[in-house]
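Nothing here was measured: the structure is a model prediction, and the numbers come from that model.
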Amino acid sequence: MALLHRATLRPTKLDLLAAWLPDRSWFAGPIGASGALTGADVVSRGAYRFDDPAGEVGIETMLVGTADGPVHQVPLTYRAAPLDGAEDWLVGTTEHSVLGTRWVYDGCADPVYVTALAQAILAGGGQAEQYFEVDGRREVREPTVTIVVSGAGEAEAPAIGAVRRVVDEDHTLIDTDAVGLVVVRRPGTGADRSAGAMLGGSWDGQPTTVPLAYAELR
């Protein structure tokens, strides 16, 4: 389960993504004459979360786009300290009114996200239930993305080991010692025919399930 805090972020997640997305090779939205976006230009279409068993890293995958552009899938991890060796994958830092400074990374290079994604696909773990603590009670937040898994056959995903290589393209490839993964950066925009078990999703505006990610044992 993922505990959410009723908190403010400065800058917001959408502000961070507005500054970061235009430099991605897979970004396909309009960015205007200035070549930049603002937080108001970026629209959230939904999100889903995975659990970090250690409870240290927040894991959230956001589906975002501009008003007239395609949906982009951006896995994010939220950390209380910098991740060694991941400077090139830093989306930015933000001040969380409850948790303090958070380092926000593209999850495709974060071993905690990669492990959670492999577990979700290969073991059928699905997404984490999200809730707030309200007067000592749990208030469940309804999911904005419906997640399904097809082709999963393992009782437990293997230990992935280190993230050996990330090829950040329309279909971002993630190589580990035990598992190969693919993250579809623009889901729902075309035929996706990668190998392995598939994580699919649907959301408001996308009523049919489309591929979001794949995992295949080495």
Report task. Decide yes or no for Leu76 and Val91: does some side-chain heavy atom of the first lie under 4.5 Å from some side-chain heavy atom of the second? Result -> yes
Query raised in the report: When you measure from the side chain of His72 to the backbone N and O of Ala28, does any donor-acceptor pair fall under 3.5 Å?
Result: yes
Query raised in the report: Could you give the distance from CZ (Arg102) to CG (Leu9), rounded to the nearest 0.5 Å?
Result: 9.5 Å
Query raised in the report: side-chain hydrogen bond (donor to acceptor under 3.5 Å, both in side chains) between Thr94 and Arg10: does it pass, once the steps are laid out?
Result: CA-CA 5 Å; Thr94 186; Arg10 293 190 175 87; over 6 Å; no
Query raised in the report: Going only through I, L, V, M, F, W and Y residues with side-chain contacts under 4.5 Å, is there a path from Val167 to Tyr214?
Result: yes
Report summary line: Rounded to the nearest 0.5 angstrom, the CG-CD1 distance for Asp52 and Ile59 is 5.0 Å
Query raised in the report: Is Pro75 close to Arg185 at the side-chain level, that is, under 4.5 Å between some pair of heavy atoms?
Result: yes
Query raised in the report: Rounded to the nearest 0.5 Å, how far apart are OG of Ser25 and CD of Glu169?
Result: 6.5 Å
**Report entry** Test item: Thr144 side-chain N/O and Ala47 main-chain N/O as donor-acceptor pair under 3.5 Å
**Finding:** yes
Requested in this report: Using a 4.5 Å cut-off on heavy atoms from C-beta on, say whether the side chain of Val210 contacts that of Trp203.
Outcome: yes
Report summary line: Closest non-hydrogen atoms of Ala116 and Phe50, given as atom of the first, atom of the second and distance, are CB-CB, 3.7 Å
Report task. Write out all pairs satisfying side chain to side chain donor-acceptor pair (under 3.5 Å) with one or both partners inside residues 73-84, taking only residues at least two apart or from two chains. Result -> Tyr48-Gln73, Glu60-Tyr78, Thr77-Asp110, Arg79-Asp110
Requested in this report: Mind telling me whether Trp20 and Trp26 have parallel, tilted or perpendicular rings, with 30° and 60° as the class edges?
Outcome: perpendicular
Requested in this report: Heavy atoms only: give me the nearest Ala109-Val166 pair and the separation to one decimal.
Outcome: CA-CG2, 4.2 Å
Query - Distance-minimising heavy-atom pair for Gly107 and Tyr113 - result: O-CD2, 3.0 Å
Report task. State plainly whether the residues Asp177 and Arg218 are in salt-bridge range, i.e. N to O under 4.0 Å. Result -> no
Query raised in the report: Less than 4.5 Å apart, any side-chain heavy atom of Asp170 and any of Arg186?
Result: yes
Requested in this report: For Arg49 and Thr61, test the side chains for any donor-to-acceptor distance below 3.5 angstrom and give the result as yes or no.
Outcome: no
Requested in this report: Identify the two heavy atoms, one from Phe27 and one from Pro22, that lie closest to each other, and give their separation to 0.1 Å.
Outcome: CD2-CA, 4.0 Å
Query raised in the report: Looking at side-chain heavy atoms only, is the closest gap between Pro82 and Tyr105 below 4.5 Å?
Result: yes
Query - Note, Val163 side chain near Asp175 side chain (heavy atom, < 4.5 Å) - result: no
Report task. Kindly say whether Val112 contributes a backbone atom to a donor-acceptor pair with the side chain of Thr115 at under 3.5 angstrom? Result -> no
Query raised in the report: Can any side-chain N or O of Ser97 pair as donor or acceptor with the backbone N or O of Thr8 at less than 3.5 Å?
Result: yes
Report task. Quickly, which of Asp204, Leu63, Val64, Val145 forms a side chain to side chain contact (heavy atoms under 4.5 Å, CB included) with Arg45? Name it, please. Result -> Leu63
Report task. Find out whether Thr176 and Arg165 are in side-chain contact, i.e. whether some heavy atom of one side chain is under 4.5 Å from a heavy atom of the other. Result -> no
**Report entry** Donor on one side chain, acceptor on other, Gln206 and Thr208, under 3.5 Å
**Finding:** yes
**Report entry** Candidate list Leu181, Leu217, Val149, test side chain to side chain contact (heavy atoms under 4.5 Å, CB included), partner Leu122, passing option
**Finding:** Leu217
Requested in this report: Any chance you could lay out the side-chain contact (heavy atoms from CB on, under 4.5 Å) test for Leu90 and Val104, step after step, and finish with the verdict?
Outcome: CA-CA 6 Å; Leu90 181 67; Val104 183; 5.6 Å; no
Report task. Check whether any side-chain heavy atom of Ile160 sits under 4.5 Å from a side-chain heavy atom of Val114, and report yes or no. Result -> yes
Requested in this report: Check the surroundings of atom CG in Asp23: do more than 12 heavy atoms from other residues, nucleotides or ligands lie under 6.0 Å from it?
Outcome: yes
Query raised in the report: Which is it for Leu117 and Val179 under the side-chain contact (heavy atoms from CB on, under 4.5 Å) test, yes or no, and what are the steps along the way?
Result: CA-CA 11 Å; Leu117 179 62; Val179 179; over 6 Å; no
Requested in this report: State the CG-CG distance between Leu17 and Leu14, to the nearest 0.5 angstrom.
Outcome: 6.5 Å
Query raised in the report: Which one of Asp106, Ile174, Leu173 satisfies the side chain to side chain contact (heavy atoms under 4.5 Å, CB included) criterion with Val183?
Result: Ile174
Query raised in the report: What pair of heavy atoms forms the shortest contact from Leu212 to Pro187, and how long is it?
Result: CD2-CB, 3.7 Å
Query - Check against side-chain contact (heavy atoms from CB on, under 4.5 Å), Val43 and Thr66 - result: CA-CA 6 Å; Val43 180; Thr66 57; over 6 Å; no
**Report entry** Heavy-atom pair of closest approach, residues Pro111 and Leu83
**Finding:** CD-CD2, 4.3 Å
